Amino acid sequence: MAKQTDERITAVYADEEGNILDAAGLAGMGRTGAENVPLTPDDLIPLPDTADLMLLPDHQAVGMTADGEVLPITGSAVSAILPAGYTRVYMPAYVRDVDAERLPLYGYTAVVVYHDQLCCAAIYTDENDKWDPAHYNTTELKKLVKRTKKDLPGNRLVEHLGHCSLEWHCCTAQNLFYRRWECGIPVSPVCNANCFGCISLQPAECCPSPQSRIQFRPTPEEVAEIGVYHLSVAPDGIVSFGQGCEGEPSLAADTIAKGIALIRAQTPKGQINMNSNAGWTDGIKKIVDAGLDSIRVSIISARPEGYDAYYRASYHLDDVKASIRYALDHGVYVSLNLLYFPGFNDREEELAAWQAFFRELPVQMIQVRNLNIDPDAFLAMMPEAQGRTVGTKKFLATLHEEFPQLVIGSFSHYVEG
C-alpha cells in the first residue's frame, strides 16, 4: 500500500484475486442507510486484530476525489466483520450491480487506510474479556466435549451443543464444555416471528443461514441437568434460554418453567437468563414467575411500523412492552438486544421513539448489536425515513445523557443477586 504521511483517509478495494489494495487519490467513504458519505478521523479506529476482512462480490467500491466527486473503483468493496464488543458506525460504501445476489448475513463495516494502517468505522461499546476469541476454539475443546458427554450421557442437549461448539463455533455452547461464564440452553424449534434477518432459518431462495436450528424439544429434566451441571461449577455462571440455533424460547414456557424449578431445587448458584422477542406475554409471565433472573429482549425499533416490518410476527410491539413491564415489576433485570443498522436506528424519529420508550420502561441496559443483513434488502422492506440521521455516536450519547442509569454495552453481564 502507498505510504502516507498526512491525514488522508484512503479508499480500499479488492482486485479479482482478492488482494486488498488502496485507491491512491480517492478518499475513503462509508455508507449510512443508502447514502455513501466521506469519513472523518473521528469515525475510525484501527482494525481490531480479531476482525475478519470480506469482499462484497458484485458491489463495486467507491471513493471521493479532492473535488468531492464520487467515483467507482475497478474492484469489489471491502468490509470488516467486527468481533463482539464493537459497534459499526458506517457500512462499506459501494455501488451495487443490478444483478447482484443478496449478501450473506454478516454485519458489514467500512474499511479504509488511515495513518498507514487499515482502520474501520466503529466504536468500542463493551469491554468484556470473556468474549475474546482467544478463549474459544482451543485445541482441547474436542476433549472437553467428550468429557461432558461422558458426565451427562444420553442428554440430547449435550449432543446438540457439542455439534454447535465444533461445527458452528458457538461461544455460549462452548462455555458448557469449558465450565465457565454464559452457557446457552436451546429449547424451542419454533418461533412466533419471521424475522427478516433470522440467523437460524431462512427460505431456500434467500441468503443461507450461518447455523442450523435445533430439531427437537428437550425435556425439563434435560434442561435442568445441564443447568445444575453448569451453574454448580462455572465462575460467573449463567444459563441462557434463547440461542441463535432456536426459535422463540417463551413458546416452550412450560419446559423452561419446570426446568428452572428443578434447577433451583438443587442449586441457588448462578444466573438464569432468557433471550427472547418477548412477544408472547403469557409465556413470559410463566417463566418470570418460575424464577427468571434476567431477560434480554431482541428489538429493532421503538416504532410499531418499524418493528412490524422487520419481525413480521404474530404479535406486536405493545405485547413486547407488556412483557417488559411485567418483568420489571417482578424484579427481573431487563436488557434490550438492539439490532443496529446505521442510517435506520439513528433517524430522528427513531431516536424520539426510543426516548419515549425508556421514559415508560426503565430497562437497565441496551446491548447494541450489529445487524447481520444485506443493506439494500433491509432498506427495501423497512419504512422510509421521515427525518435525517443524527449518527450513531450522537444517538447513543443522547440516550445516555437522558438516561444515565442505562448501561450501554454489547454483552449480557453477570448480575449479582
Side-chain angles (χ1 to χ4, degrees), residues 184-198 200-201 213-214 217-218 220 223 227 238-244 246-264 271-339 350 353-367 369 403 406 412 415:
I185 304 181
V187 291
S188 177
V190 296
C191 196
N192 53 352
N194 183 26
C195 300
F196 188 70
C198 179
S200 68
L201 188 65
R213 183 174 287 187
I214 190 171
R217 300 173 185 270
V223 168
I238 303 173
V239 291
S240 285
F241 304 103
Q243 301 304 302
E246 67 175 311
E248 167 52 36
S250 69
L251 299 183
D254 288 339
T255 297
I256 292 176
K258 292 175 183 176
I260 291 175
L262 290 171
I263 291 170
R264 287 307 183 215
Q271 178 180 335
I272 300 177
N273 175 68
M274 183 168 68
N275 307 311
S276 170
N277 61 39
W280 189 41
T281 303
D282 287 346
I284 297 297
K285 288 180 177 180
K286 184 175 293 186
I287 295 167
V288 166
D289 292 345
L292 189 70
D293 297 307
S294 60
I295 186 171
R296 184 181 72 186
V297 177
S298 171
I299 198 164
I300 196 167
S301 175
R303 301 172 66 235
E305 53 267 52
Y307 188 95
D308 289 344
Y310 180 80
Y311 285 92
R312 305 181 297 188
S314 62
Y315 61 88
H316 299 287
L317 184 58
D318 282 345
D319 300 305
V320 177
K321 293 169 75 172
S323 297
I324 292 174
R325 168 53 61 196
Y326 190 85
L328 288 171
D329 288 348
H330 289 76
V332 174
Y333 186 95
V334 179
S335 60
L336 301 184
N337 187 43
L338 177 60
L339 305 178
E350 289 289 330
W354 279 115
Q355 290 172 294
F357 184 99
F358 292 127
R359 290 168 193 149
E360 177 185 354
L361 297 168
V363 306
Q364 289 93 333
M365 183 180 186
I366 302 177
Q367 297 179 39
R369 297 294 183 93
F403 310 100
L406 188 64
S412 292
V415 181

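Everything numeric in this text was worked out from a predicted model, so none of it was measured.
Distance check, rounded to the nearest 0.5 Å: CZ of F358 to CZ of F403 gives 7.0 Å. Between atom CD1 of residue I256 and atom OG of residue S250 there is a gap of 7.5 Å, rounded to the nearest 0.5 Å. Rounded to the nearest 0.5 Å, atoms CG (N273) and CD1 (I238) are 6.5 Å apart. If you take SG on C195 and CZ on R312, they are separated by 8.0 Å, rounding to the nearest 0.5 Å. One distance of note links CD of Q243 with CD1 of I214; it measures 10.0 Å at 0.5 Å rounding. Taking OG from S276 and CD1 from I299, the interatomic distance works out to 11.0 Å, rounded to the nearest 0.5 Å.
Counting all heavy atoms, side chain and backbone alike, V239 lies closest to G227 at CG1-CA, 4.0 Å. Scanning both residues, R303 and S301, for their nearest heavy atoms gives N-OG, 3.0 Å.
Scored by the salt bridge (charged side-chain N to carboxylate O under 4.0 Å, His left out) test, R264 finds D293 as partners (sequence neighbours excluded). With sequence neighbours left out, K258 forms a salt bridge (charged side-chain N to carboxylate O under 4.0 Å, His left out) with no residue at all. The salt bridge (charged side-chain N to carboxylate O under 4.0 Å, His left out) test applied to R325 returns D329, not counting sequence neighbours. Shown here are the side-chain hydrogen bond (donor to acceptor under 3.5 Å, both in side chains) partners of Y333, two or more places apart in sequence or in another chain: there are none. With sequence neighbours excluded, the residues satisfying side-chain hydrogen bond (donor to acceptor under 3.5 Å, both in side chains) with N192 are N277. Under the side-chain hydrogen bond (donor to acceptor under 3.5 Å, both in side chains) criterion, Q355 pairs with E402, sequence neighbours left out. The side-chain contact (heavy atoms from CB on, under 4.5 Å) check on R296 picks up N275, S335, N337, Q367, R369, S412, with sequence neighbours excluded. Applying the side-chain contact (heavy atoms from CB on, under 4.5 Å) rule to A253 yields the partners W280, K286, I287; only residues at least two apart in sequence or on another chain are considered. For Y311, the side-chain hydrogen bond (donor to acceptor under 3.5 Å, both in side chains) partners are S298, not counting sequence neighbours. In this structure A309 satisfies the side-chain contact (heavy atoms from CB on, under 4.5 Å) test together with M382, P383, sequence neighbours excluded.
In this structure the side chain of V363 reaches within 4.5 angstrom of the side chain of L406, judged on heavy atoms. Looking at Y315 and Y307, their side chains come closer than 4.5 Å, going by heavy atoms from C-beta outward. Counting only heavy atoms from C-beta outward, the side chains of I300 and L338 never approach each other to under 4.5 Å. Counting heavy atoms from C-beta outward, F241 and I272 have side chains that approach closer than 4.5 Å.
Counting only distance, with no hydrogens or angles, the side chain of Q364 and the backbone of V334 share a donor-acceptor pair below 3.5 Å. At least one donor-acceptor pair under 3.5 Å links the side chain of S188 to the backbone N or O of E248. Using a distance-only test at 3.5 Å, with no hydrogens or angles considered, no donor-acceptor pair links the side chain of E246 to the main chain of P189.
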Side-chain donor-acceptor pairs of residues 317-324 under 3.5 Å, sequence neighbours excluded:
| unit_1 | atom_1 | unit_2 | atom_2 | d |
| --- | --- | --- | --- | --- |
| D319 | OD2 | H316 | N | 2.9 |
| K321 | NZ | E360 | OE1 | 3.0 |
| S323 | OG | A278 | O | 2.8 |
| S323 | OG | T281 | OG1 | 2.9 |
| S323 | OG | D319 | O | 3.2 |

For this session: Would you sort out whether L336 and M365 count as a side-chain contact (heavy atoms from CB on, under 4.5 Å), showing the intermediate values?
Result: CA-CA 6 Å; L336 301 184; M365 183 180 186; over 6 Å; no
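Side-chain contact, D289 with Y326: a donor N or O sits under 3.5 Å from an acceptor N or O.
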